[in-house]
Number of protein chains: 2
Amino acid sequence: MRGKPMTIGRISKAAGVKVTTIRYYESIGLMGTPDRSESGQRLYGSDAVERLSFIRHARDLGFAVDSIRDLIALQTTPEADCAAIDAAARRQLANVRERIARLRALQSELERMVRSCEGGVIATCAVLASLADHDQCASDDHGPRDLAL
Amino acid sequence: MRGKPMTIGRISKAAGVKVTTIRYYESIGLMGTPDRSESGQRLYGSDAVERLSFIRHARDLGFAVDSIRDLIALQTTPEADCAAIDAAARRQLANVRERIARLRALQSELERMVRSCEGGVIATCAVLASLADHDQCASDDHGPRDLAL
DNA sequence: CTTGTCTCTACAGTCGCTTTAGACTGTAGG
DNA sequence: CCTACAGTCTAAAGCGACTGTAGAGACAAG
């Protein structure tokens with residue numbers, strides 16, 4: 001399955017992942033150590049492109065690097081059953097749904113702000129008023145905000 | 001407008017922002033340097049709570065810290081007009097809409113994945129197949145992924 | 001041979017905080 | 001008063017997921 005070896009730049013283009021990011025993935029153990037040319041340049045087969053595409057796709061879907069590591073580990077134990085992977089996908093889906101809900105709330109609030117901002121002086125700016133408006137609506141939980149965006 | 005001075009813990013509770021985060025905001029110049037008690041503890045008036053609520057709300061809406069600094073600066077020059085603030089809100093709204101669109105695509109893909117995963121062995125897991133599926137669908141732009149989530 | 005593009009390593013920077021460590025302060029109960 | 005214990009202080013390191021930089025070597029095309 002491995003055609004002629006490719007340099008890092010080529011698989012970067014092929015997989016749509018930056019060169020530096022590929023090296024980073026290697027450093028955190030997502031990509032494994034590739035062969036090297038005599039002069040020390042990394043050489044990859046097409047399996048590396050597939051792996052990178054897998055990683056990129058999973059990242060695009062919002063999977064954390066740790067989850068991806070798990071998925072890759074599961075992939076290499078084909079006798080296991082699908083349940084773990086299904087569970088990961090479901091968690092991710094719940095996560096995405098929550099983010100969407102949050103963002104939709106932000107969207108309507110921002111729309112309201114923009115609609116009500118009809119010029120005028122700062123002192124009366126509805127946008128600032130909206131922001132200053134400290135209704136404790138939902139969550140005084142002090143928790144991490146990383147779901148917000 | 002300034003009632004009896006409050007310790008950092010109290011305004012933390014009042015504004016829903018962690019103590020450490022308040023100190024951090026001070027360190028990056030979002031909050032200004034408060035008075036201190038004899039023993040060196042920070043003392044705030046209720047205006048600090050309002051400022052914190054403003055910051056928190058803006059952060060919840062996805063405004064970057066730099067934008068918030070700008071908004072605060074604008075607030076203190078009340079002769080300026082509303083246009084700059086309106087523009088910031090519009091930028092933010094466009095940003096949020098894009099995030100929502102991206103997330104909706106992820107949602108339907110994840111839904112499809114979960115639907116098609118009906119048990120079985122890893123080798124045939126549809127979720128993994130979806131992830132391995134490297135259709136270059138949209139964006140091989142190598143750009144920053146921070147819009148993704 | 002020269003030019004220009006890759007590639008290498010190692011490390012610092014990004015953003016928006018959170019965590020840690022160790023010391024000090026303020027307060028309530030006994 | 002003493003003791004607990006919660007709150008506060010500073011400075012610095014850590015997080016996730018990369019990105020950017022510097023300086024040097026490698027390789028392909030003209």
Side-chain angles (χ1 to χ4, degrees), chain A residues 4-31 33-44 48 52 55-70 92 95 99 141-149, chain B residues 4-31 33-44 48 52 55-70 92 95 99 141-149:
Chain A
K4 51 202 65 164
M6 297 189 288
T7 62
I8 197 170
R10 281 195 213 294
I11 67 159
S12 165
K13 282 229 170 64
V17 178
K18 284 186 183 171
V19 168
T20 47
T21 305
I22 296 172
R23 288 198 279 250
Y24 168 70
Y25 285 160
E26 183 184 333
S27 79
I28 61 170
L30 275 190
M31 275 302 287
T33 59
D35 295 342
R36 299 283 186 137
S37 75
E38 270 189 33
S39 61
Q41 298 195 350
R42 289 166 180 81
L43 295 176
Y44 299 89
L52 273 177
I55 294 170
R56 177 174 78 87
H57 203 167
R59 289 288 302 125
D60 281 351
L61 284 168
F63 287 88
V65 164
D66 277 357
S67 313
I68 297 174
R69 219 191 312 265
D70 292 349
Q92 202 53 41
N95 199 324
R99 285 164 198 262
D141 62 351
H142 289 221
R145 300 223 192 292
D146 50 3
L147 276 181
L149 295 181
Chain B
K4 49 203 67 163
M6 297 190 287
T7 63
I8 197 170
R10 283 196 211 293
I11 67 160
S12 165
K13 281 228 170 66
V17 177
K18 284 186 184 173
V19 167
T20 46
T21 307
I22 296 173
R23 288 197 279 249
Y24 168 69
Y25 285 160
E26 182 184 331
S27 80
I28 61 172
L30 275 191
M31 275 301 287
T33 58
D35 295 341
R36 297 285 185 134
S37 74
E38 269 190 35
S39 61
Q41 297 195 352
R42 290 167 179 80
L43 295 177
Y44 300 89
L52 273 177
I55 296 170
R56 177 173 77 87
H57 202 167
R59 289 288 302 125
D60 282 350
L61 284 167
F63 287 89
V65 165
D66 277 357
S67 314
I68 297 173
R69 220 190 311 266
D70 293 349
Q92 203 53 38
N95 199 323
R99 285 164 198 260
D141 63 352
H142 290 223
R145 299 224 194 291
D146 50 4
L147 276 182
L149 298 181

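Reminder, nothing fancy here: chain letters follow the sequence lines and each chain counts from 1.
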Review point. Is any side-chain N or O of Y25(B) closer than 4.0 Å to OP1 or OP2 of dC17(C)?
Key: yes

Practice item. Can you tell me the distance, in whole Å, between the CD1 atom of I22(A) and the P atom of dA17(D)? Key: 18 Å

Review point. When you measure from the side chain of S39(A), which nucleotide among dT18(C), dC27(D), dG7(D) comes out closest?
Key: dC27(D)

Check your understanding: Taking CD from E26(B) and P from dT8(D), how many angstroms apart are they, rounded to a whole number?
Key -> 14 Å

Check your understanding: Roughly how many Å is it from CG in L52(B) to C1' in dG16(C), rounded to a whole number?
Key -> 15 Å

Review point. What's the CD1-P distance between I28(A) and dT19(D), to the nearest Å?
Key: 12 Å

Check your understanding: Is it the case that more than 12 heavy atoms not belonging to R10(A) sit under 6.0 Å from its CZ atom?
Key -> no

Check your understanding: How close or far is atom P of dG16(D) from atom CZ of R69(A), stated in whole angstroms?
Key -> 10 Å

Exercise for review: Find the distance R10(A):CZ to dA28(D):C1' and express it as a whole number of Å.
Suggested key: 10 Å

Exercise for review: Determine: side-chain N/O of R59(A) to OP1/OP2 of dC18(D), distance under 4.0 Å, yes or no.
Suggested key: yes

Exercise for review: Take M6(A) and L43(A), measure what side chain to side chain contact (heavy atoms under 4.5 Å, CB included) needs, and give me the verdict at the end.
Suggested key: CA-CA 5 Å; M6(A) 297 189 288; L43(A) 295 176; over 6 Å; no

Exercise for review: With the side chain of Q41(A) defined as its heavy atoms from C-beta on, choose the nearest nucleotide among dC27(D), dG16(C), dG20(D).
Suggested key: dC27(D)

Review point. Is any side-chain N or O of R23(A) closer than 4.0 Å to OP1 or OP2 of dT9(C)?
Key: no

Check your understanding: When you measure from the side chain of T7(B), which nucleotide among dT8(D), dG16(C), dT19(D) comes out closest?
Key -> dT8(D)

Revision key, fill the gap. When rounded to whole Å, the CG to C1' distance for the pair D60(B) and dC17(C) reads 14 Å

Exercise for review: Spell out, as yes or no, whether a donor-acceptor pair under 3.5 Å connects the side chain of R56(A) to the backbone of D60(A).
Suggested key: no

Point to revise | Worked check of side chain to side chain contact (heavy atoms under 4.5 Å, CB included) between I55(A) and M31(A) | key: CA-CA 9 Å; I55(A) 294 170; M31(A) 275 302 287; 3.8 Å; yes

Revision key, fill the gap. On DNA chain D, more 5' by nearest nucleotide between E38(A) and R36(B) is R36(B)

Exercise for review: Give one of base, sugar-phosphate or nothing for T21(A), where a contact means two heavy atoms less than 4.0 Å apart.
Suggested key: sugar-phosphate

Exercise for review: Identify which nucleotide among dT7(C), dT10(D), dT18(C) has an atom closest to any side-chain atom of Y24(B), counting heavy atoms from C-beta outward.
Suggested key: dT18(C)

Check your understanding: Under 4.0 angstrom, heavy atoms only, what part of the nucleic acid is R42(B) near: base, sugar-phosphate, or nothing?
Key -> sugar-phosphate

**Study point:** Nearest-nucleotide comparison on DNA chain D, the residue closer to the 5′ end among G9(B) and A64(A)
**Key:** G9(B)

Point to revise | Partner of Q41(B) under side-chain contact (heavy atoms from CB on, under 4.5 Å), chosen from I8(B), D35(B), T7(B) | key: T7(B)

Practice item. Give a yes/no answer on whether the side chain of K18(A) brings an N or O atom under 4.0 Å of OP1 or OP2 in dC18(D). Key: no

**Study point:** Rounded distance in Å - CZ (F63(B)) to P (dC15(C))
**Key:** 18 Å

